[in-house]
Each structure stands twice: as structure tokens, then as C-alpha cells.
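Working notes, beginning with the structure itself.
Because only heavy atoms are used, hydrogens play no part in the values below, and waters and symmetry mates are left out as well, while side chains stay in.
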There are 2 protein chains.
Amino acid sequence: MTNIQNRGIHSPDLPEVASRMPEDETLYELADLFRVFGDSTRIKILCSLSASDLCVADIAALLGMNQSAISHQLRVLKQARLVRVTRRGRSSIYGLDDDHVRTIFEQGFRHVRHIAPGSGEEEAHG
Amino acid sequence: MTNIQNRGIHSPDLPEVASRMPEDETLYELADLFRVFGDSTRIKILCSLSASDLCVADIAALLGMNQSAISHQLRVLKQARLVRVTRRGRSSIYGLDDDHVRTIFEQGFRHVRHIAPGSGEEEAHG
DNA sequence: ATGATATATGAATATATGCTCATATATTCA
DNA sequence: TGAATATATGAGCATATATTCATATATCAT
């Protein structure tokens, strides 16, 4: 029989899918958030801070990078509300802003390690 | 010899932090993973696919973008193992690869909803 | 005040990346 | 077979971005 397999819109679910899409603004914010995680320097910084609050010089020393680069990236992280900063004398002490950061981080970790979420214990890097 | 407040390494935890840092390779993979989430087009694609498996043309129609752009991004998502593809006739049906994707995605959602909108500097969306 | 230390920031640059266009590949149907 | 449809891909361009360098700002010690 002349069964029409594919013409125009292919999935009958498409209107349903469209109706379930969040606001564009929300999706942009989401992409912005993940983009901040999507750089190895920032990942290393977040990973360090998940272990302990640290000043800029310590982070730079830990990562073997220059102070300016770290400071620039800390600004990005701060603007994204992923880290908070407290002035302490001459130093700025940075720390993770909240536990969402840790959670997102660890989910990504599980993914790259191919470990099922919510399964057994895992080395806490934070 | 007066009291030395800060010289060289500032945090006594620094060696401990260093010892807890994962392998560089792992951190690069983690950044690579998040970078894939860090684009609004790919986020929209993932969001669509979290509702239903879809062919390329449907995704393009849904997002109002041209087929080539979507295809290029689907390749990125496939290489990152965030989506899987099944050939069905002339169409390629894409779907989320596993539930990690959904979980990471939803954690991000919680974060952006948790942050008070408009309370910080924001960049242009891309 | 001066000098030393710690961090922040603007400009410049090199690289990365997303999109478009044109085209190639793959599949279905007449 | 050839036409039509669906997707994939390479090249080129425009934009974004991560780093470095130089320098500004802020704090502490003398």
C-alpha cells in the first residue's frame, strides 16, 4: 500500500515537545551556567575550592598558572554565582557559593567515570 | 623576627587539597563534558530530546534553525555520548543516550532557578 | 608617608567555535 | 535507473574566549 512514511513533520509528538520547552531565557541561562563549567582552568579551580577555601595565590600555585589568569577566571566564576569571596587582609578568600555547585560537579564526575548516580560510595573531592 | 602572617603558601590545607585533586585527564574530560552543555543550541536540542526522540528535520523545525547547524551540533553531542542515533529509513532518530544527561540537566535547572534573576551581571547569550 | 604584598583589570593576541553555504552521502520510490 | 528526500560534512567567516603583559587598586608593615 502507498503508506506515507515521512512527510513534513515526522514526529507526531512535535507539538507536545514544543509545548514542553521552557522559556528561551531559561535555556540561555542554563547554557551560560554550563559554559562556565566548560573550561579546564575553571574546573580545576572549582575542584580545589570543593576541598577548601583558598586565596588567589594558593590557587595559582596549585594549578601552576599565573595570578592574573586565575583572577580573571575567578571573576567569571563569581559572576556566575559559583564562588563567593571574602576579603581577609590582603588576601581574597574564595569558596564555593553553594552546594548546587558541588552537586553539578559530582554529577559530571559520575558521567565521565561511567558510574551510575546514587550508587555506591565514591571518593569525595569536596 | 616579627610574626609572619602570610608568606608563600597561605593555606595550611594546600598539600591536602593538592593530594585530593583528581588526575588532570579526568578534569579535562569533565570540562569537555560541560562545554558540550554550554551552548544554547545544544541545550535546546537536549531539552527537546528529553521530551521525545526526534529526527534532525524535526529538531531544526522546532528550533527554527537550519538543518546543517543542527546536524553539526548533533555530531558534537554524539561524540560526547550525550545522544544516540538510530537510522530509520531516510531519517536519523536521535535520543538522549542515558539518564546521566537528564540528571545533569536537571541539576543545572535547579541552580538557575535558585539564583535570583537579574541580581548579577549577565552576558549576552550565544 | 614609602615599600612590599595581594589581587583586580584593561588591552592585545592567539585560538576555539558556531553558523552558513555548497556539496556529498544515504535512502526511498516511481 | 533517476528524482526526491534526509542527513552529514568540509570550508570559510565572524565572533567568543583564555591567556599574557602591564598596570591599577588595596592592604599591611615600618
In this structure, how many angstroms lie between the [atom2] atom of [N] and the [atom1] atom of [X], rounded?
| X | N | atom1 | atom2 | value |
| --- | --- | --- | --- | --- |
| A:L77 | C:dT9 | CG | P | 14 Å |
| A:M65 | C:dA6 | CE | P | 19 Å |
| B:Q79 | C:dT17 | CD | P | 12 Å |
| A:N66 | D:dA22 | CG | P | 12 Å |
| A:R35 | D:dA18 | CZ | C1' | 14 Å |
| B:Q67 | C:dA22 | CD | C1' | 12 Å |
| B:I59 | D:dA8 | CD1 | C1' | 14 Å |
| B:D39 | D:dT17 | CG | C1' | 14 Å |

- Assign the ring pair B:H111 / A:H100 to parallel, tilted or perpendicular, where the plane angle (0 to 90°) is split at 30° and 60°.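 Because their plane-to-plane angle is over 60°, the rings of B:H111 and A:H100 count as perpendicular.
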
- Query: So what's C:dT27 paired with, Watson-Crick or G-U wobble, going by both distances under 3.5 Å?
  - Reply: D:dA4

- Message: Partner lookup for D:dG12, please. Criteria are Watson-Crick or G-U wobble with both distances under 3.5 angstrom; report none if nothing qualifies.
- Response: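 Paired with C:dC19.
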
- Item | Presence of donor-acceptor pair under 3.5 Å, side chain of A:S68 and base of C:dT9 |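 It does, because a donor-acceptor pair links the side chain of A:S68 to the base of C:dT9 below 3.5 Å.
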
Any side-chain N or O of [X] below 4.0 angstrom from OP1/OP2 of [N]?
| X | N | result |
| --- | --- | --- |
| A:T41 | D:dT19 | yes |
| B:S92 | D:dA8 | yes |
| B:Y94 | D:dA6 | no |

- Query: Which pair of non-hydrogen atoms, one from B:Q107 and one from B:R110, has the smallest distance, and what is that distance?
  - Reply: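 Result for this residue pair: NE2-NH1, 3.0 Å.
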
- Message: I'd like to check, for B:H72, whether its ring lies over the base of C:dC19 with centroids under 5.5 Å apart and a plane angle smaller than 30°.
- Response: no

- Task: Look at the side chain of A:S91 and decide which nucleotide, out of C:dA4, C:dT7, D:dT9, has an atom nearest to it.
- Result: C:dT7

- Query: Quick one: which of C:dA8, D:dA18, D:dA6 gets closest to the side chain of A:R42?
  - Reply: D:dA18

- Message: Taking the nucleotide of DNA chain D with the nearest heavy atom to each, does A:G38 or A:G89 sit closer to the 5' end?
- Response: A:G38

- So if you build clusters from Ile, Leu, Val, Met, Phe, Trp, Tyr with side-chain heavy-atom gaps below 4.5 Å, do B:V85 and B:L63 land together?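 Per the 4.5 Å side-chain linkage, B:V85 and B:L63 are co-clustered.
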
- Item | Hydrophobic cluster identity match, A:V17 and B:I93, side-chain contacts under 4.5 Å | no

- Determine, for A:D53 against A:R84, whether the closest basic-nitrogen to carboxylate-oxygen distance falls under 4.0 angstrom. yes

- Message: Return whichever of A:R87 or B:A69 has its heavy-atom-nearest nucleotide of DNA chain C closer to the 5' end.
- Response: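 In this pair, the answer is A:R87.
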
